[in-house]
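A short write-up of the structure that comes next.
In what follows, chains are A, B, ... by sequence order, proteins preceding strands, each numbered from 1.
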Amino acid sequence: MSFALKQPSVLPGFGLTLGFSLFYLSLIVLIPLSGMFIKTSTLTWAQFWETVTQPRAIASYQLTFGASLIGALINGLFGSLVAWVLVRYRFPGRSFVDALVDLPFALPTAVAGIALTAIYSSNGWLGRHLEPLGIKVAFTPLGVLVALTFIGLPFVVRTVQPVLQALDKEAEEAAITLGANRWQTVRAVILPELWPAIFTGMAMAFARAVGEYGSVIFIAGNMPLKSEITPLLIMTKLEQYDYAGATALGVVMLVVSFVLSLLINLLQWWSSDRRETH
Amino acid sequence: MNSLKRRRLSRMWRTNVVFFATTMGIGLLLPAFGLAETEDKEILNVSYDVSREFYKDYNAAFVKYWREKTGQRVVVKQSHGGSSAQARAVLGGLEADVVTMNQESDIAVLSEKGKLVREDWRLRFPHRSVPSTSTIVFLVRKGNPKHIRDWDDLAKPGIAIVMPNPKTSGNGRYSFLAAWGQVLKRGGTDREARDFIRRFVQNVPVFDTGGRGATTTFAQREIGDALLTFENEVSLIQKELGADRFDVVYPSVSVLTETPVAVVDAVVDKRGTRTIAEAYLEYLYSDEGQELAAKHHYRPSLARIADKYAARFPASTLWSVDDLLGGWKQAINTHFADGGTFDQVYDEIARQRK
């Protein structure tokens, strides 16, 4: 690290820009977060542990992180597919489809939640047909998954798209001329290039889903121990003016999210490393 | 892209920037001019979610009254949201001159935690600072196909009840307490109340976070056989969603829901608005204020006006949280705090399933 600081850079302004970046990050991210930790520290360890290990809290972590992870995986698969179709094929209405992808970004989450609930409830367009099959979506954990998948979609598509666009067609053509079949080309030539982008997109979709509140509370049904997400528990703590308890749950979410995104980053680093040694 | 096209694009871009900047400039300057022109006194009423329609009418009446009385123009701003969320906002520095909440605890917290409201606030206006009341009733599907007449019918197997989450909604807390208190009121013990509540919450398929959300679930998603809600909400639901779709059932006993009001002393002293703020709340007890309350289906506190509208408010035995459950503070600690009866009942249900 110290050698990097001493090394004179070709680009001037390193000190100024780094200083500004650190100041900006502190102001926007670090100070609010440290406020959260300080508020939590008004609890003793025993109180903290009791708050964050209540059965309802544990059940909500399982739902929040589980559904977010599955949602991110679904988006990883189908988001990449959408990106592939948008980059590789030309068809009428392509820019329309391209714009559709951004909608979950732009839509107020409460609107998304109400719309999804209306469609998937037992008298809704889709729910009406799913219910006879024994599939209940609205007001169950499955509904939470649907909402979290919805809001995470743009992340994977928008991170994979530019990488796909920049991908050399020659490498694929070379693979084919060397006798690779379509699947081998995809697996050995295209996917290794895409993995880092897919992981990044999934990590972002996951992070977004973990913190999601607005769209989920409408479709979850919020039944204790069954379909309560952790952000809802934080809200219920606030309703009791239990600020310290609310921040305690916040700290748990933050730590778990941080560890998980670190893991995803490691995976990404590992996959790009492997690609380079090949 | 050729250079002509690029130039045209960049010109378009520049026009856009100029247009944007001008609009922003006008937008920023206008309010400044507006403020300089008039010397309106402005007060902010921070209120709970479903009082929107009432205060819209009431504010117009008060502004007219105040102008005739003093010649002074007053502007009443409104802020609405979940009652406790609103109380938190005021605690956090939202400069409310008056607060009008739907449960006592949301004003008590301003006095206890924030020292913003004087401790004796309940004695500063008539009827313990409660200008109007309401109660929890059942809304059922037209014709009452499941024959829901009273509380016991709600706890029967196969009935689905829709009510908001007691942990996040004042409406939900009142509904839960109404179900608990009716057992005590009819001579039951705490143990019997808990047994009833366990059967009762097992019939709740969805806990929306707020009152209006529960209404949507019941009316639009057509989930549940009965919706627990405030009496004053029923007329609005029927007006908005069709009077011919639902029937109202008045249980034999229910909770008296109070909507207390208070002047936020710390704010009015700082802003110099005490006179107006106090007059604003006092006017709630005037004939006109009480008539407006009745018009919006709140039960008036003044006996004179209440008698006039007696036909609109069916008599049922109403009990108050203060009398039966020892006040809001105790009720919240017993039932809704972490590990309270609401949590206990869910733990019991979860254990039974295992």
Side-chain angles (χ1 to χ4, degrees), chain A residues 47 50-60 110 113-125 127-128 131 136-140 143 213-229 231-246 248-249, chain B residues 82-85 87-89 91-92 103 105-106 108-110 112-114 160 162 164-170 172-173 201-202 204-210 212-214 216-224 332-333 335-340 342-351 353-354:
Chain A
Q47 283 171 322
E50 206 203 306
T51 308
V52 301
T53 54
Q54 275 171 355
R56 278 176 78 180
I58 306 255
S60 80
I114 291 169
L116 288 173
T117 315
I119 288 170
Y120 285 104
S121 73
S122 53
N123 65 351
W125 291 346
R128 186 181 309 162
E131 186 119 323
K136 276 194 175 172
V137 180
F139 313 122
T140 66
Y213 179 75
S215 62
V216 179
I217 51 157
F218 290 100
I219 201 168
N222 308 319
M223 299 305 290
L225 299 163
K226 261 199 290 181
S227 57
E228 279 183 324
I229 52 167
L232 176 77
L233 286 192
I234 293 178
M235 283 303 289
T236 69
K237 297 257 183 232
L238 288 176
E239 287 290 315
Q240 303 163 43
Y241 304 104
D242 179 8
Y243 294 94
L249 289 179
Chain B
S83 194
S84 306
R88 278 200 307 282
L91 265 185
Q103 62 187 57
S105 52
D106 288 329
V109 73
L110 299 181
E112 283 161 21
K113 279 210 174 182
V162 175
N165 194 332
K167 289 231 172 192
T168 56
S169 153
R173 278 190 278 271
V201 297
Q202 269 179 311
V204 181
V206 178
F207 274 125
D208 283 289
T209 49
R212 292 268 159 101
T216 310
T217 300
F218 179 74
Q220 313 276 49
R221 315 274 166 269
E222 290 174 12
I223 286 175
I332 286 183
N333 279 335
H335 299 288
F336 308 123
D338 286 335
F342 182 69
D343 288 352
Q344 290 167 20
V345 162
Y346 265 100
D347 288 347
E348 282 168 29
I349 294 171
R351 242 175 285 140
R353 290 222 181 91
K354 278 175 195 167

Next item on the list: Examine whether an atom of L225(A) lies under 4.5 Å from a heavy atom of chain B, and if so say whether it belongs to the side chain, the backbone or both; otherwise answer neither.
Entry: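 Side chain only.
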Notebook entry, point to check: With only heavy atoms counted, which part of T117(A) is less than 4.5 Å from chain B, the side chain, the backbone, both or neither?
Noted result: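 Backbone plus side chain of T117(A), per the 4.5 Å heavy-atom cut-off to chain B.
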What I'd like to find out is whether the side chain of [X] reaches to under 4.5 Å of the side chain of [Y], using heavy atoms alone.
{"X": "V206(B)", "Y": "V162(B)", "result": "no"}
{"X": "E239(A)", "Y": "R173(B)", "result": "yes"}
{"X": "T209(B)", "Y": "Y213(A)", "result": "yes"}

Output the option from [options] having the highest count of non-hydrogen pairs under 4.5 Å with chain A.
{"options": "P205(B), A85(B), S169(B)", "answer": "P205(B)"}
{"options": "T217(B), D343(B), I332(B)", "answer": "D343(B)"}
{"options": "S84(B), G82(B), S83(B)", "answer": "S84(B)"}

Heavy-atom pairs under 4.5 Å with chain B are the metric here; pick the option from [options] that has the most.
{"options": "G127(A), P224(A), G245(A), S122(A)", "result": "P224(A)"}
{"options": "A138(A), S227(A), S121(A)", "result": "S121(A)"}
{"options": "I114(A), I217(A), L238(A)", "result": "L238(A)"}

Notebook entry, point to check: So how far is it from F139(A) CZ to I219(A) CD1, rounded to the nearest 0.5 Å?
Noted result: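 Atom-to-atom, F139(A):CZ and I219(A):CD1 are 7.5 Å apart.
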Margin query: Need one label for D338(B): side chain, backbone, both or neither, based on atoms under 4.5 Å from any heavy atom in chain A.
Written below: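 Backbone plus side chain of D338(B), per the 4.5 Å heavy-atom cut-off to chain A.
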Notebook entry, point to check: Side chain, backbone, both or neither: which part of E222(B) has a non-hydrogen atom closer than 4.5 Å to chain A?
Noted result: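 E222(B) touches chain A through backbone and side-chain heavy atoms alike.
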Checklist line | Main-chain N/O of E228(A) paired to S60(A) side chain as donor or acceptor, under 3.5 Å | finding: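 It does not hold such a pair.
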Margin query: Classify the ring geometry of Y346(B) against F342(B): parallel below 30°, tilted from 30° to 60°, perpendicular beyond 60°.
Written below: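 Ring orientation, 0 to 90° scale: perpendicular.
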Next item on the list: Check whether more than 12 heavy atoms from other residues, nucleotides or ligands sit under 6.0 Å from atom CD of Q202(B), and answer yes or no.
Entry: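 Buried by this count: over 12 neighbours within 6.0 Å.
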